[in-house]
Amino acid sequence: MDGGDYSVAGGVEDVYGEDAASMDQPVTPWTVSVASGYSLMRDPRHNKGLAFTEKERDAHYLRGLLPPVVLTQELQEKKLMHNLRQYQVPLQRYMALMDLQERNERLFYKLLVDNVEELLPVVYTPTVGEACQKYGSIFRRPQGLYVSLKEKGKILEVLKNWPQRSVQVIVVTDGERILGLGDLGCQGMGIPVGKLSLYTALGGVRPSACLPITIDVGTNNEKLLNDEFYIGLRQRRATGQEYAELLHEFMSAVKQNYGEKVLIQFEDFANHNAFELLARYSSSHLVFNDDIQGTASVVLAGLLAALRLLGGTLADHRFLFLGAGEAGTGIAELIALEMSKQTGNPIEENRKKIWLVDSRGLIVDSRKESLQHFKKPWAHEHEPVKELVDAVKAIKPTVLIGTSGVGKQFTKEVVEAMAALNEKPLIMALSNPTSQAECTAEAAYTWSEGRAIFASGSPFDPFEYDGKVFVPGQANNAYIFPGFGLGVIISGAIRVHDDMLLAASEALALQVTEEHYEKGLIYPPFSDIRKISANIAAKVAAKAYELGLASHLPQPKDLVKYAESCMYSPKYRTYR
């Protein structure tokens with residue numbers, strides 16, 4: 001294929017042609033002949049419900065199995081959105097959407113693509129958190145693959161049980177640190193399922209190329225261990241060698257079964273395992289940790305965009321973090337990397353402009369001996385400071401970032417101290433779900449007298465202060481990982497490099513327009529997310545080609561166009 005040929009349409013490496021090329025080209029929905037259309041209606045990948053045409057009903061033995069009316073996909077979408085809006089409880093909406101995904105895949109993705117701002121909080125944070133907490137009770141039909149200690153020594157066989165052969169993205173969790181909700185064990189499966197539905201809806205990766213996996217090594221959550229409806233292993237978490245061996249078998253089996261170029265996204269692992277797994281496998285596998293790298297990339301994008309409102313370069317600012325775990329240290333490191341890229345200064349020098357506060361106070365030199373390894377680079381010369389508000393006064397940051405997983409930590413005193421130091425304090429309350437946010441949008445705008453630039457991890461409604469409407473930005477990883485994943489896939493990248501994350505951040509920051517800035521936004525609206533994802537994918541792919549990590553050669557001439565042509569479309573296909 002020459003570099004300018006964009007014929008891969010409808011999902012990358014569409015082996016069977018079910019999504020490919022022109023939407024009006026008919027496809028055969030099954031490869032074996034069957035006597036009844038009954039099975040066709042029960043296959044979510046091919047079911048169209050009342051949208052089967054007269055011709056299709058005759059050709060596929062559907063006569064009499066459906067009422068006589070023929071609906072369009074648009075009318076089905078209108079009806080379902082109307083039904084969804086009747087539910088008062090977000091968890092009921094979540095369950096209705098999951099039922100739809102199990103019943104009619106294309107219609108589910110059509111809803112998600114066309115109503116992304118309304119439905120994102122349902123399939124993702126905050127509602128997905130509640131769904132995981134209650135996953136055992138609402139469990140109807142298994143989604144994804146469960147790999148537990150029972151499967152030790154047989155993981156390759158388990159992977160072969162999954163019906164799809166051409167998997168391109170795996171999202172895997174061990175359920176130990178689900179959002180800010182802690183150890184939910186096997187019930188963490190809601191996270192990989194939700195993330196992958198966004199890979200498809202927002203990044204255009206085909207559903208059949210996505211595989212959600214939960215690794216069950218037990219749980220330390222007493223409530224779950226005593227819950228008669230718990231769906232996982234009833235034992236305390238395996239650690240140490242037992243854990244490492246299971247993970248190693250899993251990583252090897254994935255590579256053996258799906259090859260070198262399957263993207264493995266680690267999701268919601270506890271700090272100690274997350275850093276170790278990323279360090280251990282980043283040189284041998286195509287791995288990405290969304291909590292460390294995805295969060296860092298989306299926050300850096302917000303900071304780069306905010307510089308147009310704040311003035312100065314990244315290196316002119318001082319940063320203070322509350323929270324020094326995966327997200328906090330990941331973001332801090334990426335900021336320091338970007339500073340190096342802009343100024344040419346060594347990264348050690350840039351780190352001195354970034355300060356972190358953990359549960360014991362400001363991370364300083366005198367604490368170095370007792371610190372976990374990932375916190376050590378952030379221990380700077382300073383006397384110990386216990387309280388966040390005192391750290392703000394001592395460090396005088398221009399940017400305050402919360403990644404603590406603990407709600408309401410940005411108190412009135414903290415926000416007022418930031419506002420006293422800065423004309424436009426930048427406050428990012430990133431912990432999820434909404435209940436764990438360090439402060440609300442209303443609090444940030446009110447306590448700073450309308451001067452703060454605010455972004456959060458979970459969505460907040462627009463807020464009016466002193467006659468002006470402020471629209472809070474959402475520093476949501478969903479801006480980054482779907483486009484990032486698409487970029488990795490279309491370039492055939494074999495490894496993830498930090499420069500690819502920087503490229504994703506820069507691409508996202510460029511999508512913020514003057515019109516957005518006027519509303520105080522430092523992120524573009526989610527309504528444009530597919531266009532944004534295509535631009536991010538193009539920049540990530542370009543960087544992979546530049547670094548010599550891409551294997552899909554030659555490089556397409558226009559990467560944005562190529563990325564768009566590779567995106568799955570949820571429109572119904574015509575069956576012959």
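Being a predicted model, the structure only gives us computed values, none of them experimental.
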Between Asp216 and Lys150, is the salt bridge (Lys or Arg N to Asp or Glu O under 4.0 Å) condition met? List the steps. CA-CA 9 Å; Asp216 185 357; Lys150 287 182 183 179; over 6 Å; no
Run the numbers on Asp227 and Lys223 for salt bridge (Lys or Arg N to Asp or Glu O under 4.0 Å), then give the verdict. CA-CA 6 Å; Asp227 179 355; Lys223 198 171 161 217; over 6 Å; no
Please determine whether side chain to side chain contact (heavy atoms under 4.5 Å, CB included) holds for the pair Thr214 and Val172, giving the CA-CA distance in whole Å, both sets of side-chain angles, and the decisive distance to 0.1 Å. CA-CA 6 Å; Thr214 292; Val172 60; over 6 Å; no
Is Glu260 paired with Lys255 through a side-chain N to carboxylate O contact shorter than 4.0 Å? yes
Do the charged groups of Lys110 and Asp114 touch, with an N to O distance under 4.0 Å? yes
Could you walk me through whether Arg236 and Leu225 pass the side chain to side chain contact (heavy atoms under 4.5 Å, CB included) check? CA-CA 8 Å; Arg236 301 192 71 75; Leu225 290 171; 4.0 Å; yes
Minimum side-chain heavy-atom gap Phe410-Leu388 below 4.5 Å: yes
What I want to find out is whether Arg141 reaches Asp99 closely enough, with some N-O distance under 4.0 Å, to be called a salt bridge. no
Under the salt bridge (Lys or Arg N to Asp or Glu O under 4.0 Å) rule, what do Glu242 and Lys152 come out as? Steps first, then yes or no, please. CA-CA 10 Å; Glu242 191 181 6; Lys152 196 169 188 308; over 6 Å; no
Flag, side chain of Arg495 to backbone of Ser284, donor-acceptor distance under 3.5 Å: yes
Under 6.0 Å from the NE2 atom of His373, do we count more than 12 heavy atoms belonging to anything else shown? yes
Tell me, with the steps shown, if Glu438 and Ser431 meet side-chain hydrogen bond (donor to acceptor under 3.5 Å, both in side chains). CA-CA 7 Å; Glu438 283 77 10; Ser431 294; 2.6 Å; yes
Answer yes if the ring centres of Phe481 and Tyr199 are under 6.0 angstrom apart, and no otherwise. yes
Thinking salt bridges, do Glu130 and Lys134 make one under a 4.0 Å N-O criterion? yes
Please check if the number of heavy atoms outside Tyr87 that lie under 6.0 Å from its OH is greater than 12. no
Under 6.0 Å from the six-membered ring centre of Tyr38 and within 45° of its axis: does the NZ or CZ of Arg42 meet both? yes
With the side chain counted from C-beta on, respond yes when Met428 and Phe454 share a heavy-atom pair under 4.5 Å apart, and no when they do not. no
Can you confirm if the aromatic rings of Phe526 and Tyr479 lie within a centre distance of less than 6.0 Å? yes
Can you say whether the rings of Phe374 and Phe275 are parallel (under 30°), tilted (30 to 60°) or perpendicular (over 60°)? parallel
Under the criterion salt bridge (Lys or Arg N to Asp or Glu O under 4.0 Å), I'd like the reasoning laid out for Asp291 against Arg177: C-alpha separation, chi angles, the key distance, then a yes or no. CA-CA 10 Å; Asp291 307 296; Arg177 193 205 54 86; 3.2 Å; yes
For atom CG of Asn226, is the number of surrounding heavy atoms from other residues, nucleotides or ligands below 6.0 Å larger than 12? yes
Does the cation-pi check pass for Lys48 over Tyr575, that is, NZ or CZ under 6.0 Å from the six-membered ring centre and within 45° of its axis? yes
Yes or no on side-chain hydrogen bond (donor to acceptor under 3.5 Å, both in side chains) for Arg45 and Gln164, after CA distance, side-chain angles and deciding distance? CA-CA 12 Å; Arg45 285 183 64 191; Gln164 310 303 338; 3.2 Å; yes
Gln241 atom CD: more than 12 heavy-atom contacts under 6.0 Å: no
With distance as the sole test, does Ser252 use its side chain to make a donor-acceptor pair with the main-chain N or O of His248 at under 3.5 Å? yes
When rounded to the nearest 0.5 angstrom, what is the spacing between CD in Gln409 and CG in Leu400? 11.0 Å
Side-chain donor or acceptor of Asp174 paired with backbone N/O of Ile215 under 3.5 Å: no
Quick check against the 3.5 Å criterion: does Glu176 have a side-chain atom that pairs as donor or acceptor with the backbone of Asn273? no
